[in-house]
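Data block below; observations after.
Scope of the values below: all heavy atoms of this structure, side chains included, with no hydrogens, waters or symmetry mates.
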Amino acid sequence: MVGESGCGKSTTGKLILRLLRPDSGSVFFDGYDMGQVSPGRLRELRAKLQLVPQNPQTSLHPRLSVGQSITFNLRAHRWPRGRRAARVAELLDRVGLTAGHAERYPHELSGGQLQRVAIARALATDPSVVVCDEAVSALDKSVQAQVLNLLADLQRDRGIAFLFISHDLGVVEHLSDRVCVMYLGRVVEETSARELWDRPAHPYSESLISATPGRAGDRILLRGDLPSPTSPPSGCTFRTRCPVAFDACASERPPFDLIAPGRRAACLLAAQRLQQTSSPVG
């Protein structure tokens, strides 16, 4: 899930994890409406839904050792006491650390090591879905690549689904199968990562991709500032910054429609733009 800061990416992740309740609509996971389940059922479902936050320095308790932090998750989900120590060692090994790291405290570890601990903690309960909220944005490029490769290995070897929230399309292309592009609280395009990279259908998606470092072609600069989400423009909320907006965009809210097999977009011109793009952009 990609988009500018403030567009609602992290809020969407928190809604999925039931850290926030939706004002409208529903979130379904494993056949259950997350807003209606009992506390006991919610505990069971949360074992399958875990989070890797953006900043492990603030998400790991400074007075708990690495082992205690991971064990806390196991205790919360009633992992058998006699198996916890072995589980912690197994998890640390899986993320490229050693059993000895269990005795260390957050201030003794580097940023990359801390993020590996956060990943190990998220994996403790064998989740099927992990929300990664800007999980590598605070890391330098070399460490970022190591963590991304680790996530890709986990995705392949353990079949874990990641909701990877980011504003860095280069990172998203490396890891993601499918991408949702969000603008001002609404998904405006959803497609495969390859299709999005080669032929973006929504003008906002195209502007984001044009800003990717190393991308060939001219940069598409958006005019104006991001509107207030509490007082969005009429019609298409992107129209005040869109380089191809026309009169109907001010009065008609574009539906989030299927424009091609496996592709949806919320733009009155999306299907037409896609047909006109016969070769990769840039």
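- Atom CD of Gln115 and atom OG of Ser59 lie 7.0 Å apart (nearest 0.5 Å).
- Pairs engaging residues 245-260 under the side chain to side chain donor-acceptor pair (under 3.5 Å) rule: none recorded [sequence neighbours left out].
- In this structure, CZ in Arg43 is found 7.0 Å from NE2 in His77, a value given to the nearest 0.5 Å.
- With sequence neighbours left out, Thr191 forms a side chain to side chain contact (heavy atoms under 4.5 Å, CB included) with Glu189, Glu195, Leu196, Arg263.
- The number of heavy-atom neighbours closer than 6.0 Å to CZ of Arg81, taken from other residues, nucleotides and ligands shown, is 12 or below.
- Sorted by first and then second residue, the salt bridge (Lys or Arg N to Asp or Glu O under 4.0 Å) pairs involving residues 144-155 (not counting sequence neighbours) are Asp153-Arg156.
- Within the structure, salt bridge (Lys or Arg N to Asp or Glu O under 4.0 Å) pairs that include any residue of residues 6-16 do not occur (at least two apart or interchain).
- Residues that satisfy the side chain to side chain contact (heavy atoms under 4.5 Å, CB included) test with Ala102, not counting sequence neighbours, are Val88, Leu92.
- Separating the CG atom in Leu222 from the CZ atom in Phe238 is a distance of 4.5 Å, to the nearest 0.5 Å.
- The CG atom of Leu17 lies 6.0 Å from the CG atom of Leu49; values are rounded to the nearest 0.5 Å.
- Thr71 places a side-chain N or O within 3.5 Å of a backbone atom of Gly67 that can act as its donor or acceptor partner.
- The side-chain heavy atoms of Asn73 and Trp79, taken from C-beta on, include no pair separated by under 4.5 Å.
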- Verify ring-ring contact (aromatic ring centres under 6.0 Å, His included) between His61 and Phe72, making sure each step is shown before the conclusion. CA-CA 11 Å; His61 197 296; Phe72 187 89; 9.2 Å; no
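- Using a 4.5 Å cut-off between side-chain heavy atoms of Ile, Leu, Val, Met, Phe, Trp and Tyr, Leu221 forms no hydrophobic cluster with any other residue.
- Grouping Ile, Leu, Val, Met, Phe, Trp and Tyr residues whose side-chain heavy atoms lie under 4.5 Å apart, directly or via other members, places Phe246 in a hydrophobic cluster with Val244, Leu268, Leu269.
- Here salt bridge (Lys or Arg N to Asp or Glu O under 4.0 Å) pairs that include residues 64-75, with residues two or more places apart or in two chains, number zero.
- Counting only residues at least two apart or in different chains, side chain to side chain donor-acceptor pair (under 3.5 Å) contacts with residues 87-100 comprise Arg87-Glu90, Arg87-Asp126, Arg94-Asp157, Thr98-His101.
- Residues satisfying the side chain to side chain contact (heavy atoms under 4.5 Å, CB included) test with Ala120, not counting sequence neighbours, are Ile70, Leu91, Val95.
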Pairs under 3.5 angstrom only: tabulate donor-acceptor contacts from the side chains of residues 27-36 to other protein residues two or more places apart or in another chain.
residue: Asp30; atom: OD2; partner: Lys48; partner atom: NZ; Å: 3.1
residue: Asp33; atom: OD1; partner: Gly35; partner atom: N; Å: 3.0

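- In this structure a side-chain-to-backbone donor-acceptor pair under 3.5 Å is missing from Ser166 to Val2.
- Scanning for side chain to side chain contact (heavy atoms under 4.5 Å, CB included) contacts around Pro227 gives Tyr183, Leu184, Pro233, Thr240, Arg241, with sequence neighbours left out.
- Taking every heavy atom of both residues into account, Arg63 and Gln68 meet most closely at O-OE1, 4.1 Å.
- In the displayed structure, Arg78 atom CZ is contacted under 6.0 Å by at most 12 heavy atoms of other residues, nucleotides or ligands.
- For Arg219, the CZ atom sits in a packed shell: over 12 heavy atoms of surrounding residues, nucleotides or ligands are nearer than 6.0 Å.
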